[in-house]
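Everything on this sheet refers to the single structure shown next.
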Amino acid sequence: MKILILGAGKMGSFFIDLLSFDHEVAVFERDAKRLRFTYNCQRFTALDEIDEFKPELVINCVTLKYTIPAFNDVLPHLPQECIISDISSVKTGLKEYYEQTGHRYVSTHPMFGPTFANLHQLSEENAIIISEGDYMGRCFFKDVYSRLGLNIYEYSFEEHDKTVAYSLSIPFVSTFTFAAVMKPQDAPGTTFKRHMKIARGVMSEDDYLLQEILFNPYTHDQVSQIRTELKELLEIIDVKDADRMKAYINKIRENVKAQK
């Protein structure tokens, strides 16, 4: 298959490496410097180069903020039968956009990123394939993700954003809270250092990505739960209620145990 990757960032480069030995792959990236370490693929910096390539599938790997603008740029250069796809972590507005393009589409979300995941050992990571996309497009990504050993789930666009609101907004907000009250430590403990590593990773993400995850319409209720739990914990601390603290810690342990 002839596959065009949009963007030569971390995830774009990952998909180039992943697909280029089984498919004819090209990458479109306006910043030529980002193409220096790509290999085994055609490298395009001008839109008219796409015309001759005639891709059968486009995988949009650009930063979330530019996902739709990147599609708008390349659509006039794609064959009508070309399937377009994204790997965005927030799908708000994408269903409506896809349906007005006239192209077959597929939307997926690898639930891992280069910041924390070991891209060579992904058997404990997950991927979501949106059930509302093109059947053959879904089959393609299901095969790709299966070969990586990922755990695959199929959700609608709405179900996806509800899942992201839970699985990303809670750890992001928890990390924000930790980082906001953090003070420099001369001799940090192991737990502090681990949290610090997570905080550095989260804060290295694109500002727009963090914003869009937190502005997800389903995020508010998740953040409200954090506020409720913090209020209860503060009450226990204030009165130094050992029995209540023990019950609270046991509740947390059960939650952790229940998580796969």
Side-chain angles (χ1 to χ4, degrees), residues 64 88-92 108-118 121-131 145 149-207 209-260:
L64 178 63
S88 299
S89 52
V90 179
K91 305 295 185 185
T92 306
T108 77
H109 181 190
M111 297 287 285
F112 59 87
T115 301
F116 294 116
N118 178 356
Q121 180 59 46
L122 296 171
S123 59
E124 295 183 1
E125 304 292 345
N126 304 315
I128 293 173
I129 298 176
I130 302 300
S131 57
Y145 293 153
L150 294 168
N151 303 295
I152 301 169
Y153 301 88
E154 287 202 28
Y155 295 148
S156 67
F157 279 103
E158 182 179 13
E159 289 168 338
H160 169 273
D161 280 1
K162 286 181 178 178
T163 298
V164 167
Y166 172 75
S167 65
L168 291 184
S169 64
I170 287 180
F172 278 17
V173 169
S174 301
T175 301
F176 282 9
T177 304
F178 165 76
V181 301
M182 180 180 60
K183 296 179 181 178
Q185 298 289 313
D186 292 329
T190 302
T191 302
F192 184 93
K193 287 191 286 187
R194 287 177 177 173
H195 278 278
M196 191 64 209
K197 183 178 180 181
I198 292 171
R200 286 196 175 104
V202 169
M203 300 317 299
S204 71
E205 297 286 359
D206 177 74
D207 287 359
L209 170 66
L210 297 173
Q211 172 186 295
E212 287 305 293
I213 287 170
L214 295 178
F215 287 177
N216 181 325
Y218 302 103
T219 292
H220 176 272
D221 290 346
Q222 301 296 339
V223 177
S224 293
Q225 289 183 47
I226 295 176
R227 182 174 58 189
T228 300
E229 291 299 323
L230 285 174
K231 182 181 178 182
E232 180 181 356
L233 183 58
L234 192 57
E235 288 173 358
I236 297 170
I237 292 169
D238 285 343
V239 299
K240 296 181 173 59
D241 188 330
D243 290 337
R244 196 173 163 195
M245 178 62 81
K246 182 177 177 59
Y248 190 84
I249 291 171
N250 285 338
K251 179 184 78 170
I252 294 171
R253 285 201 177 106
E254 289 302 313
N255 281 351
V256 172
K257 236 189 281 186
Q259 181 64 39
K260 294 180 180 178

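The model shown is predicted, which means the values in this text are computed figures rather than measured ones.
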Among Ile236, Asp241, Leu234, which one satisfies side chain to side chain contact (heavy atoms under 4.5 Å, CB included) with Asp238? Leu234
Correct closest heavy-atom pair for Ile237 and Met245 would be CG1-CE, 4.1 Å
Walk me through it: do Val90 and Leu168 pass the test side chain to side chain contact (heavy atoms under 4.5 Å, CB included)? CA-CA 10 Å; Val90 179; Leu168 291 184; over 6 Å; no
To the nearest 0.5 Å, how far apart are OG1 in Thr219 and NZ in Lys162? 13.0 Å
OH on Tyr153 to OG1 on Thr163, rounded to 0.5 Å: 10.5 Å
Between the CD1 atom in Ile213 and the CD1 atom in Ile170, the distance rounded to the nearest 0.5 Å is 13.0 Å
Heavy-atom distance under 4.5 Å between the side chains of Val164 and His109, does that happen here? yes
Does atom OH of Tyr166 have more than 12 heavy-atom neighbours, drawn from other residues, nucleotides or ligands, at distances under 6.0 Å? no
I would like to know whether Glu254 and Lys251 meet salt bridge (Lys or Arg N to Asp or Glu O under 4.0 Å); could you show each step before the answer? CA-CA 5 Å; Glu254 289 302 313; Lys251 179 184 78 170; over 6 Å; no
Give the minimum heavy-atom separation between Glu124 and Asn151, together with the two atoms involved. C-ND2, 4.2 Å
Atom CG of Asp161 and atom CD1 of Ile130: how far apart are they, to the nearest 0.5 Å? 7.5 Å
What distance separates Glu158 CD from Thr92 OG1, expressed to the nearest 0.5 Å? 10.5 Å
Just jot down the ring-ring contact (aromatic ring centres under 6.0 Å, His included) partners of Phe157, sequence neighbours excluded, or say none. none
Reported CG-to-CG distance for the pair Asp207 and Leu64, which is rounded to 0.5 angstrom: 12.0 Å
Indicate whether any N or O donor in one side chain lies under 3.5 Å from an N or O acceptor in the other, for Tyr145 and Thr108. yes
For Gln185 and Pro188, which heavy atoms make the closest approach, and how far apart are they? O-CD, 3.6 Å
Contact summary for Asn126 and Phe112, nearest pair of heavy atoms: O-CD2, 3.9 Å
Using the side chain to side chain contact (heavy atoms under 4.5 Å, CB included) rule, take Glu229 and Gln225 through it: C-alpha gap first, then chi angles, then the decisive distance, then the call. CA-CA 6 Å; Glu229 291 299 323; Gln225 289 183 47; 5.5 Å; no
Contact summary for Ser89 and His160, nearest pair of heavy atoms: O-CE1, 3.2 Å
Over 12 non-hydrogen atoms of neighbours within 6.0 angstrom of CZ in Arg194: no
Apply ring-ring contact (aromatic ring centres under 6.0 Å, His included) to Phe178 and list each qualifying residue two or more places apart in sequence or on a separate chain. Phe192, His195
